[in-house]
Each structure stands twice: as structure tokens, then as C-alpha cells.
Amino acid sequence: MFARILIANRGEIALRILRACRELGVQTVCVFSEEDRHARYLTLADHSVCIGPASPSQSYLRGDRIIAAAEVYNVDAIHPGYGFLAENPQFAEQCRDSKIQFIGPDAESMRLLGNKAEAKKLAKKAGVPTVPGSEDVIEDDEEAVTLARKIGYPVIIKAVAGGGGRGMRVAHNEANLRSALYQARMEAEAAFKDAAIYLEKMIERPRHVEVQIMADSKGNTLHLYERDCSVQRRFQKLIEESPSPALDERTRTELCKAAVRLCKTANYVNAGTVEFLVDQAHNYYFIEANTRIQVEHPVTEMITGHDLVQWQLRIAAGEELTLKQRDIIVNGAAIECRINAEDHAEGFRPCPGPVDVLYPPGGMGIRWDSYIVPGSRISPAYDSMIGKLIVHRPTREQAIRTLQWCLNELEIKPIKTTIPFHRAILSLPEFIDGQVDTGFVERSFINPPK
Amino acid sequence: MFARILIANRGEIALRILRACRELGVQTVCVFSEEDRHARYLTLADHSVCIGPASPSQSYLRGDRIIAAAEVYNVDAIHPGYGFLAENPQFAEQCRDSKIQFIGPDAESMRLLGNKAEAKKLAKKAGVPTVPGSEDVIEDDEEAVTLARKIGYPVIIKAVAGGGGRGMRVAHNEANLRSALYQARMEAEAAFKDAAIYLEKMIERPRHVEVQIMADSKGNTLHLYERDCSVQRRFQKLIEESPSPALDERTRTELCKAAVRLCKTANYVNAGTVEFLVDQAHNYYFIEANTRIQVEHPVTEMITGHDLVQWQLRIAAGEELTLKQRDIIVNGAAIECRINAEDHAEGFRPCPGPVDVLYPPGGMGIRWDSYIVPGSRISPAYDSMIGKLIVHRPTREQAIRTLQWCLNELEIKPIKTTIPFHRAILSLPEFIDGQVDTGFVERSFINPPK
Amino acid sequence: MSEIDFNAMERLVGLMKENDLNELDYKCGDLEITLKRGGSTVMAPLPMMAPPTAQVAVPTVPTTHQPAIDELAGMLTIKSPMVGTYYSSSSPDTPPFVKPGDRVSAESTVCIIEAMKVFNEIKAEIQGTIERVLVSNTQAVEYGQPLFLVRPD
Amino acid sequence: MSEIDFNAMERLVGLMKENDLNELDYKCGDLEITLKRGGSTVMAPLPMMAPPTAQVAVPTVPTTHQPAIDELAGMLTIKSPMVGTYYSSSSPDTPPFVKPGDRVSAESTVCIIEAMKVFNEIKAEIQGTIERVLVSNTQAVEYGQPLFLVRPD
């Protein structure tokens, strides 16, 4: 095991990594920006070192400064956490060039799996379903009609240069499609001065289900089952849980195996996540891979009992996975609520500011992962997530009840947080019944039906 | 299940019961003394009601006032927690007379198991070993010599009227014994004006090991394995853990079976604990039974995954144990440190006062059961225990490491607490090796060898 | 938390005096200290109490009744000595023991509190005029809960 | 946390007295200290620098250098612009770039900071006289760490 590592991150994930290191007996060096100088978690590190001003581009995103700190403190490895430099292959290479172990995959498999187009090709090679559609630009309407007939309606037409929904058109049948193609091209031309469009099957009311992977450098690749992150807003996850309440056993098994296949094909090492959309008929489609530890990893830790961040360190240190797939046993149900300093009633506007009062919940099966303490000041310079409330109970029903109670116990004042939003979501019959898709939050909270 | 119960206790166990009720959907009425009026946990109850001034004899020990509150709020049952009225058979009877379910055993089995002499007789009947000794007063020296030869040296001579160690003499051989009998009688006569003495085998360097029992009203009695509470001072437990680091498999099995046998013989229903001394040769001796939930119950909850307080409610509500003995599976190791507002450097003197700073620890496998919040004031009127820090990890070694780290993370200021004491204990090789007996704390901290 | 560290305060004031400081602000965690000395611009302390008048008598408050906010306005309270159910009269058919405007003496029964099937007559223990009844018939009351506001004689 | 560090307070006050400061504000994390001294004419702003003389030029301080506690006593600091290892000289055999008493101008090299095997020459960026060296050779320094105290001209 490493003697000393550097934590190249801040906030709750920095504290999470600190905790993992302590149990392993690994010393820690934590870098920080001037804005974070007085953060309490820094006092728990063996060393902490200022690397720049508040702006991430001058501190947490400055690979050179982080590696300089790593060299000064003579660390064996760097844990990048999530965000910032975690999925930056150049940084992973810089680490390697400086003879410092990067705790994550190597730059090559990060590039392979991190690039959406590359990953989609790899998925096809590994026999993992992807969202069906045109490989290239659709030049001809008849080509579109043929393809749509093959992949099935509804289909979605997207502008190649597109973004933000512009140049996007949904077609539910052939007549629809012919007019939609024309409109989409016009819109794309107007918006992007580029009329090129392509076609994809539209996944209706999909669930977001992802598979946790752990792979060592000896060729062992395991999955730790799935997480369901369908409660999201603009691709920002808000609630994550495991097991998924909507997956049947067959789909669950296939999904997990597909994720392992994909990672093996990429020669992937360390912790990673393979994300899928699952439609109402239980068809699943690979969408992307995350080559790092995820925010929502505690959900998997709770139901399997395995410490994923410790395993990240072990694998990076060259240890072999002592676990076999059959040792990964799911126990009960776990749900995580991300507590953000945001006002959900005002479009989830970030609400940085002081934390004068903080009463975290506690008791059986409760986990509160947060770096804030009374007296903390939430900085506008960084992500608004300030804590993760995780509940692990024998059944999903119990977990929901306990989570509701914990959201009453948890008080954070005077800043606004997403606590009331979570209370609202958890009491909705759609959530309780496990019937939520990725559009649910927007339909229910952002643009509720009149 | 009950619609509404009353919680006849305060502090952390009141909050613990509140949490159990919420997951079961049971409404709560919490009684409090004027001293506790501003306690934060009271805001989490459905109703809270003042029953008297600070003094326990005028509030938490006043069964009449508690039952009056229960009747006013029309509750179905009363949970007594631990301490106060929890092992008071008269109170259990008062509840029954008022047609309110007492969440605990009935008055009869409470009386049977709660009385040490009665319980010892019962143990003999159930074939459970007790500390060997004279059944009655030793009148004659030759009788003592014969008995000592039979039960084996060393033996301890105790004054019938005794207490506080006076009139107590240890004899390691027959010559010893003859002079010790004379001295003990003289001392007892001088101290208590009663020279009557009795003889017991002296258990040298015993461990305190207790077995958690759960029994329903349908005749099902289960054990949830043992807890080792050898780290204690003047019979006050300080650290509890499960599994015991010193028990061999055969002794563990026998101990657990003996505890079940004893409870079955007493027709015991609900949660209970059977306490044993275990000597260095793995002989075990029943010492007493606790007819209530114990302070240290979370240790068992963590390693078995079963919520004991919820089961207390279920059993009291007439539900049958859906668990079988084979469903009770021990997973990993759990250790609890009792955080008391005491100064261990000054003979564990209680240090009530304000809590201005409170940083509880968190993360994987950490449980913090406490009623205090920043701004709390620890009252001198009650027990000095202010929180329980419980760690559950795959191995005892990991649990100790994580606990050490958590004790660094946990800050409570400006009052003095037992946090530094726990740090010291956890780093001692005797504790790490699992070699601690009930005299260890006194030898190491109170009267350390010169 | 609320205890003043006079030792520390005295040292701070000494420090100011010796070194001719005229203002000191100290803040650390919960602790906030502001000290100012010297200068003629300091506000002249105004008398906190009303100016002395010819008025003499101040009502004596029984020691068992700690002053509550209403008592500071000259009112006393009768509090419940137990947890139970409040009854304003001895039976549904009889008038209440007391109503606003009634005079009570120490021995006057003002209500009944039922606890554990026992009906306890509650005495006023003070004398004066019932100003207001603070609870309603059959209401649950807790220990120490104010039941009546009484204007003392 | 709530204990007053009298040692620090006394040093601060001494600093004020010696340097004829009449106001001092110090804030760091939880700790906030404000000290004011002198006569009743507190409001009259006194020149922060040396009393007015025939001299005209007042050293312009680069804006990147925010006033720290020592700067209030008339000192400026040169801070490390990066994380790395501090070297006082260009090689073990050569004398340090600067020592107390040396005059530096904006372009003077005052030390080397090694970061990622690159040796970065650090310029003074201000002018004045080196009063004190705050770090020792081969010491690890962080971003923004004060390296030198400089007395401005």
C-alpha cells in the first residue's frame, strides 16, 4: 500500500478519501485553494497545502501545481476524486511522467471510454446495445425513412452541430418524419448555419441505470450491481438508489454483464461506471462511461458492504481483487439524496452563504457524508452539493420512510437547500412505486402540467 | 402495530426510540422535565409533554405522572428505554392496570430475572453455570475449607452485609483461607456490626460477556450473539464490542444457548440481556440479567442488521418473531465507545456544561447516536453519557483503526469528555490484542502500577 | 457558554489602559468582546428605570411563582402542578369554578385536573382577581402549564 | 477556541505602540481582532507611511500584494506565487540571492522555487530593503506563503 497520497480535490469527496486513507494507514496531503483555507476537513489531513486562489482554473484544475505539491511532499499517488481533473487523460499522463501513481484508470482507457463516439464503437465491438440510429449524417429523406422503419418509431432527429434542444424533432410515424426532416434542417440551418442532421431512436420515458465496475490490473473485472439515478434534472442526478426498483432480474443480469464486457474490452482498470438508458420494455442502451469514482458511490457501498474508495487505492497500489463476483452480495436497499445549496422553487438557483445551524441525522443505517460544519460558508466558486444523505434499510419501503424522517431531522440554516425538494419527491406515489423516469422531475417540478 | 406510544425517557435513548417509531409509522409522545424543555429531540416527537422539574424523582421516575400523560394523549404503549423506570416491576404493573402496553417483559419475569438471588436459583434450574460458592452463611471454618477444596482456589470471602470491598478477603490456599476467614469476620463485624460472611470462587481477570436475547409472546426465543464489555470502570461499561475477541467458538455457542435456556425458563418476553463472567480458561458464570434494552444494543444491531428497538415494539404489539435462529448472521465487527461528559484524568469526574462546538464523524460504517447539538447544555441532573460512537467494519482491526480516526474527527467543546480516554484505550496493545479483563481500566488508568 | 470570564476581561482592560488603547474588538468563535474607553463622546448612560415618583406599594409575588412575561406586567399565573386533563367545573352540568372577574383567595378551588382517573381539585394558592382563563375545558395540560392569569390585589 | 491568546494580544499591542499605529484589524478564520489606540481624535486619518518629509515618491505596491499584519507595521511581503521547494541560492556553493539588509528592486531575483523539476526565479516585484527571510533553504512552500519581509523605501 502507498505510504502517502495527495488528494487533488475538495469538499465531501476530499473528506471521503481522507477517511478511506486512515483505515488503510495511508498518510494524506490535501491541496486547497485560498477560498477553502479554513475548511475543517483540512485539519484532518496530515498535511495541507495551498495551491492557488479560489478560481478552479487557478487551483483545483492546475495539474502542474498539484503535481508540484505532490513532489514537494513526496507522495506515492494522487487521488483525483470526481470532477476537476478526474477524467483528464493529460493529467493522468502528467502523473505517470512524474512517477506518481494516478488513482484511476490509465490515460489510454480513459480516452477510449471517456470519448462518447469512441465508447459507442467499443460498445458495439463488445456486443453492448447502444441507442440505434444513423452512423453518419442523413443526406436523403428515403434513407431516413428506411432507417426509421428498421429501428422503430418514435425517432428523434438531431442537428449535428446542435445543442440545447435546437434543431431537434421527434417523429412518431412516417408522415411525421418526412415533414420533421424538412423542419429540422431548416431550424438547424437557421440556428447553426449547418443543416446537417442525424437520426436516433427516441427512448421514451427512459430510466437512468448505471453499473458499478471494479477492475484490477491482473485482469479481474467485477460489477457491484446497478444504481438507478432516474431522479435527475438536466442530467444532474438528485436521488440515486440501489437496487433499481424497476429492473427485472433478467435485465439486471444482462446489464451488469454488458458493463463488465465493455470494461474488459477497454482493458479498464480501477473503479468505473457504465451508464445505460432502460426503456419501459426493459430494453437497455449504453450511453456513456464514467472513468472515476461517482458522487453516488455510497449507495453501492451500503448494499454490498465494500469500501469502493479503499479498493481504488488498493488496485492503484497493484493489489489483486481478493473478491470474486460471487462475493458481491446485495443486502437490502440504499437511497441517497444529494443535498445541494439550491432553491428548487426558483429553478434550482444556487444559494451559497453561511451555515449557522447544522443538525445532521443519525442512527441505524444512516450515513451523512458532508464536509460542512456549523460556521462553514458555502462558496459560490464551487459546486453547490454540500452533503449526501444515504439510508440503508432491509427494504426499499423502509428506506423511503427512514429517509423521510431523516430529511426532517436534518436542518441546515440559514442557506436554502434541496431538503424540501427531496421531501416532496419522496412522498410522491410515482417515486414510491418506482415509476420515475429521467423526465419526471422536469414534468412534476419545473413545468408541472397545468 | 401501535398507533401511538409514549417515550418515558430522555436523551439519546429517547431519540433512538423516536427513530424506531418513525420507520414503523408509529406516532410518538415524549415526556420531559423542565430541565430538558429545550432539547432538540423533543421537536421531532409528535407531542411532547412536561411532567415535572429537573429532579428525576419528580419527573422521569414518577410513574403516576407518566401514566397520566399517557392517558391524556391516549397512547397504546409506553417504552421505558433504559434506566429510570425500565426495570421497575411496579411501573410495568401500573401500565397493565391502566390498560397500556409496557414495551418490555411482564412484571413477573422482570421480578424473577431482575432479582440476583432469584435469578441465580433460576440459572441453576436451567443448567446455567453460576459463580460457585456457599449457598448460605459460612458458620464454620472447616465447612469453608471443604467448600474451597471443592470449588477450587482462589476463593473470595465476602461480608453478607458488605459493600464497597469492605470485609472482602481473597484466599489462594488453605492456610491463607483460615487466617482470611478470621480477618474477614473481624472486619465485617467492625464495618457492619455483622460478622456473617460467605464464600465464592474468585473469577480471576474475568471478561464481561453478555448475550442479547429477543423473545416473542408465542414462545420463540432467539439470541443475537454476544457483546464483550470488559472495558469498564466500577461496573460502568465504557467500550462494548461484538463479536468478543477472546471467546472460542465452543464457548460462544454454549454461552448463547445458556442465555436462551435461562430466558425460556423465566418465560421471558421482549429484549433482554444475560450477563456472564468468562475466566481465562473459558469457563463462564452467569452473573445477572437485564430486563430491558441496553445502552450498547447498537453493537448487536450493526453486526446482525436487525433493529432491536423496532423488534421491541413489534413483540409488545403481539407480533411473532419472523426471524429464526439461523437468520441471525454475524457480519464483521462492531465497537462502541460511550462518550461521557467526564474528565477521566480526574477520576472520571462529571463535567456538565455547554456544548458550543460539535463535529460528529461520518462516512462508511459509522454510527453516531446522540441527542446533543451545538448549543446543548449538559445537565448535571442526569447521566453524563452524551453520545455513542459505533463503528462497524469487516474486521476488528479495521474497526479499531476507523474508531481511532473517528475519535479524532469527533470534537465536542468546551466541556471535557471521555474522547481522550477512548483514544488512549484503543491504542493500548492489550486492547488491540483483545486481552482486556474487567480490571484492566482500573489497573491501567486509575491505579497504574508504579 | 454564558459565563463571563472576568479574569480575561480584567486583563484586556488592563492591557488597554497600560497601552492607551481606546477601543478593542475581539471575536473568536462564539466569543465577541468590544471594549471602548476614554473620550467624551461616549453616550451618557440614561436611567433604566422610571424616574422616582410618589408611588410606594409593589405587589409581592409568592416565591413559588417565578415571574413570567405576564407577571412582569403585574399579573400572576396559576400553573398546573401535574400532567392531566383540565376540567373547569365539577360536572358538565355545573358552572365553572371561576370565570374572569371572580375574586380568588389562596384556598379557592379554581379547577380540576384529572390524572390517572383521580380528580384533583386545584387551589389558587394566591389571591386576586381572575383576569383570563388560559386553557379550555377537557384540554390536556402539562406540568407547569399556566392555567389562569390573576391580577393581584 | 474561546480562550484569549494574551501573548498574541500583547505582541500586537506592542507592535502598535512601537510603530505608532492607532488602528489594527486582524481577521483570520474565526479570529477577529480590532484594536484602536491614541487620543480622542481617532477619526483624523494619520499617514500610514513615514511622516511627510521632503521626499516625494511613495513606493507603489503591486496590487497582488494585499496588506498583511506586518505590512501594517510598514512592512511589505514577497509571497510565493506557486507551490514548490524554496532555494535561497542558485546552487549549494553560491551565496543566497538576498539576505537581510540587501536592497531589492522590482526586477531583483530573490530566490528560486522549484516546481515539477522546473527552477523558477522569483522576482521581488517591489523595491526596498530585505528585513527578514521567513523561510529556510529547501523548505516546501505553498501558494501565497510569505517569503520575505521588505521595508519599503
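Computed from a prediction, not measured in an experiment: that's the story for all the values here.
- How far CD1 of A:Ile339 is from CG of A:Leu410: 5.5 Å, rounded to the nearest 0.5 Å.
- Residue A:Arg37 touches chain D through its side chain alone, counting heavy-atom pairs closer than 4.5 Å.
- The backbone N or O of A:Ser109 lies less than 3.5 Å from no partner atom in the side chain of A:Thr291, so there is not a single donor-acceptor pair.
- Inter-residue side-chain proximity for A:Tyr73 and A:Leu6 is flagged as unmet; no heavy-atom pair is nearer than 4.5 Å.
- D:Thr77 places no side-chain N or O within 3.5 Å of a backbone atom of D:Lys79 that could act as its donor or acceptor partner.
- Between D:Lys123 and D:Thr109, the side chains place a donor N or O and an acceptor N or O closer than 3.5 Å (distance only, hydrogens not considered).
- By a heavy-atom distance cut of under 4.5 Å, not one residue of residues 91-103 of chain D is near chain A.
- Between the side chains of A:Tyr82 and A:Asp383, no donor-acceptor pair of N or O atoms lies under 3.5 Å.
- Contacts between residues 46-53 of chain A and chain D, counted as heavy-atom pairs separated by less than 4.5 Å, involve A:Ser48, A:Val49, A:Cys50, A:Ile51, A:Gly52, A:Pro53.
- Taking non-hydrogen atoms and a 4.5 Å limit, the residue list of residues 111-118 of chain D in contact with chain A, ordered by number, reads D:Glu114, D:Ala115, D:Met116, D:Lys117.
- Residues A:Ser33 and A:Tyr382 have side chains that bring a donor and an acceptor to within less than 3.5 angstrom of each other.
- Residues A:Arg96 and A:Glu108 are paired through a salt bridge, judged by an N-O separation under 4.0 Å between the basic side chain and the carboxylate.
- Interatomic distance, A:Asn88 CG to A:Met110 CE, rounded to the nearest 0.5 Å: 7.5 Å.
- In this structure, A:Glu87 CD and A:Leu113 CG are separated by 10.0 Å, a value rounded to the nearest 0.5 Å.
- A donor-acceptor pair is defined here as one N or O able to donate and one able to accept, closer than 3.5 Å; such a pair exists between the side chain of A:Arg22 and the backbone of A:Leu44.
- Between A:Phe91 and A:Phe102, the ring planes lie perpendicular to each other; the angle is over 60°, past the 30° to 60° tilted range.
- Residues of residues 350-362 of chain A lying under 4.5 angstrom from chain D, judged on non-hydrogen atoms, do not exist here.
- Here CG of A:Leu112 is found 11.5 Å from OH of A:Tyr268. Values are rounded to the nearest 0.5 Å.
- Here CG of A:Asn340 is found 10.5 Å from CD1 of A:Ile419. Values are rounded to the nearest 0.5 Å.
- For the residue pair A:Gln312 and A:Arg314, no side-chain donor N or O sits within less than 3.5 Å of a side-chain acceptor on the partner.
- A salt bridge links A:Glu93 with A:Arg111: the closest approach of a Lys/Arg side-chain nitrogen to an acidic carboxylate oxygen falls below 4.0 angstrom.
- To the nearest 0.5 Å, atoms NE2 (A:His79) and CD1 (A:Ile13) are separated by 6.5 Å.
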